[in-house]
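Order of appearance sets the numbers: ligands from 1, and atoms from 1 within every ligand.
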Amino acid sequence: MPSFAVTTPANTYTCLVQRGALSRITEFVPAKAGKLFVVTTEDVWDLHATRMLDALGTRECHTILFPGGEPRKRLSEVETMADEMLAHGADRSSLVIAFGGGIVGDLAGFLAAVFMRGIGFIQAPTTLLAQVDAAVGGKTGANLVGGKNLIGAFHQPTAVVIDPEVLGTLPEREYRAGLYEVVKTGVIRSPRLFGRLLAESADVLNLEAEIVEDIIAESVRIKAEVVSADEKESGLRRILNFGHTIGHALEAETEYSLLLHGEAVAFGMRAVTHLARDMEVLGAEDHLRILSCIDAYGPIPPLDGVKASNLMKRLVKDKKTIQGRVHFVLPVRVGETVITSDVDPAKVLRAAETALEELAA
Ligand SMILES: NC(=O)c1ccc[n+]([C@@H]2O[C@H](COP(=O)([O-])OP(=O)(O)OC[C@H]3O[C@@H](n4cnc5c(N)ncnc54)[C@H](O)[C@@H]3O)[C@@H](O)[C@H]2O)c1
Ligand SMILES: [Zn+2]
């Protein structure tokens, strides 16, 4: 059974990836933990409450229903949840269980980070995006009016329990959006993962149990390795931003309403793959393989009306822009990248234009 350790200066924790893993969740509740607080959304609870409640058995627990959605990923919701916890007898020994997608994970993690100055929490992610990415690594937080995820804390979970069986109820578009993050992981660090995604896309899209478990496990293995090497994103962790620099600009440009995050990343990966080719950092063969792999999980929704020049203006405003320089993660070959800020803006513009033209074609 695949399980991976994340080691940070603060703690070491396990990420378990296994069909039926939720039934084992109490193995990860520390012996000294008091009351459990499951933070979830109504849709996830309607579909999967039995799995969680059966697993928790006779443990004392209270469910906090959060309305969900990016506009509600706000500090005020964290305060509401904290009040609800207190009203239901929470204390410093209480443990939060984040049971939902990345929004629930980020918000419930932040709640755990600040409730009584920090209590434990378990991530039990239910979207593919949260399973392969958001739940691992301890980034928690909420949105400000001025931008996404601008308030938050690093707070590593006590454990991450990943059960691929819950993905059966996920809307297909959400599933594909998560797969783009898996493609990202393959491109940056795993030729084996990339090879399976390219050759076996039909099985992946059909949710064949064995391959789904394997691609999640490989993604989590890599995320765990990268976070363990660089928790606070000062070095290696930045490779996880492949496709994200242009992706974030596109999300902002389309007002966070047209695209799912993974879809914006897919566009960003296409653009930056063109950029790497144009800069002669990436060879012709891998250029085509990366584009084909992204396309296998498409389509990216149409982007009529989006202008490459507007994306360029957004790029410099990205929160990861360091001293005015935009950093790009460029693929060198499948499994290897280089990070550089030494990029001709005209080439970035051309790469974004090419990616937009291809979508329109
Ligand atoms: N902390 C990190 O490192 C990190 C990394 C990437 C993304 N994120 C954050 O994650 C969020 C996006 O997460 P997401 O894509 O999971 O979106 P989400 O949390 O909004 O979930 C998508 C939708 O699917 C529903 N859902 C969840 N599980 C389901 C299931 N098993 N069956 C049916 N429906 C289900 C949710 O209720 C929601 O409506 C963003 O806010 C982003 O900032 C955080
Ligand atoms: Zn992402």
Side-chain angles (χ1 to χ4, degrees), residues 6 22 39-49 51-52 65-74 77 98-110 113 121 123-144 147-157 160 162-185 188 207 219-220 223-224 226-227 231-233 237-248 250-252 256 259-269 319-320 329:
V6 174
L22 278 173
V39 177
T40 188
T41 48
E42 209 158 317
D43 51 357
V44 170
W45 199 239
D46 281 349
L47 292 162
H48 300 295
R51 285 176 200 268
M52 183 58 82
L65 286 176
F66 158 71
E70 206 63 57
R72 301 294 288 266
K73 189 177 160 187
R74 301 298 307 273
E77 297 287 341
F99 189 44
I103 295 185
V104 163
D106 280 12
L107 217 51
F110 193 30
F121 81 113
Q123 286 278 18
T126 63
T127 62
L128 181 62
L129 179 110
Q131 295 192 340
V132 298
D133 190 1
V136 180
K139 281 193 190 176
T140 74
N143 301 329
L144 292 180
K148 274 190 68 175
N149 301 326
L150 291 183
I151 191 159
F154 280 97
H155 187 55
Q156 299 293 342
V160 185
I162 299 171
D163 188 343
E165 283 178 359
V166 299
L167 300 180
T169 56
L170 198 63
E172 189 244 15
R173 186 177 166 203
E174 294 280 353
Y175 179 60
R176 285 193 295 105
L179 285 169
Y180 289 128
E181 294 277 5
V182 181
V183 171
K184 173 196 82 176
T185 306
I188 61 177
L207 270 163
S219 304
V220 170
K223 179 109 194 229
V226 170
V227 170
E231 181 192 11
K232 301 272 166 77
E233 201 171 325
R237 192 165 179 171
R238 293 191 297 160
I239 66 172
L240 299 172
N241 292 325
F242 170 55
H244 281 60
T245 312
I246 292 174
H248 284 149
L250 179 62
E251 280 186 290
Y256 300 96
L259 300 173
L260 298 176
H261 171 72
E263 293 168 341
V265 169
F267 177 85
M269 290 193 293
K319 76 174 163 185
K320 284 175 180 148
V329 182

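Not a single heavy atom of H261 sits closer than 4.0 Å to an atom of ligand 1. Under a 4.0 angstrom heavy-atom cut-off, H48 registers as being in contact with ligand 1.
In this structure, E42 places its CD atom where only 12 or fewer heavy-atom neighbours from other residues, nucleotides or ligands lie under 6.0 Å away.
Here E181 has no heavy atoms under 4.0 Å from ligand 1, in either its backbone or its side chain. The parts of L170 lying near ligand 1 are both backbone and side chain, judged by heavy-atom distances below 4.0 Å. With a 4.0 Å cut-off on non-hydrogen atoms, D43 touches ligand 1 through its side chain and not its backbone. Neither the backbone nor the side chain of L260 comes within contact range of ligand 1; no heavy atom lies under 4.0 Å. Residue contacts with ligand 1, taken as heavy atom pairs separated by less than 4.0 Å, do not involve L167 at all.
The residue among N143, T140, V265, I103 with a heavy atom at the shortest distance from atom 11 (C) of ligand 1 is I103. Comparing heavy-atom distances from atom 8 (N) of ligand 1 across A134, G102, A130, G138 singles out A134 as nearest.
Remark: aromatic rings of F121 and H155 are close, center separation under 6.0 Å.
Ligand 1 has no nitrogen or oxygen under 3.5 angstrom from a nitrogen or oxygen of D133. Residue R237 places no N or O, backbone or side chain, under 3.5 Å from any N or O of ligand 1.
If you check the side chains of H261 and H248, you find no donor sitting under 3.5 Å from an acceptor. Counting only N and O atoms by type, the side chains of Q131 and D163 include no donor and acceptor under 3.5 Å apart. At a cut-off of 3.5 Å, with distance as the only test, no side-chain donor of K139 or N149 sits close to an acceptor on the other residue.
Protein heavy atom in closest approach to atom 33 (C) of ligand 1: T169 O, 3.2 Å.
Smallest separation of non-hydrogen atoms from E77 and P67: OE1-CD, 4.0 Å.
Annotation for ligand 1: atoms under 4.0 Å from non-hydrogen atoms of L47 are 32 (N), 33 (C).
We find the OG1-CG distance between T185 and L240 to be 7.0 Å, quoted to the nearest 0.5 Å.
Here H244 contributes NE2 and H261 contributes NE2, and at the Zn ion (ligand 2) these two atoms make an angle of 100°, given to 10°.
E181 contributes atom OE2 as its closest N/O/S atom to the Zn ion (ligand 2).
Under the 30°/60° scheme for interplanar angles, the aromatic rings of F99 and W45 are found to stand perpendicular.
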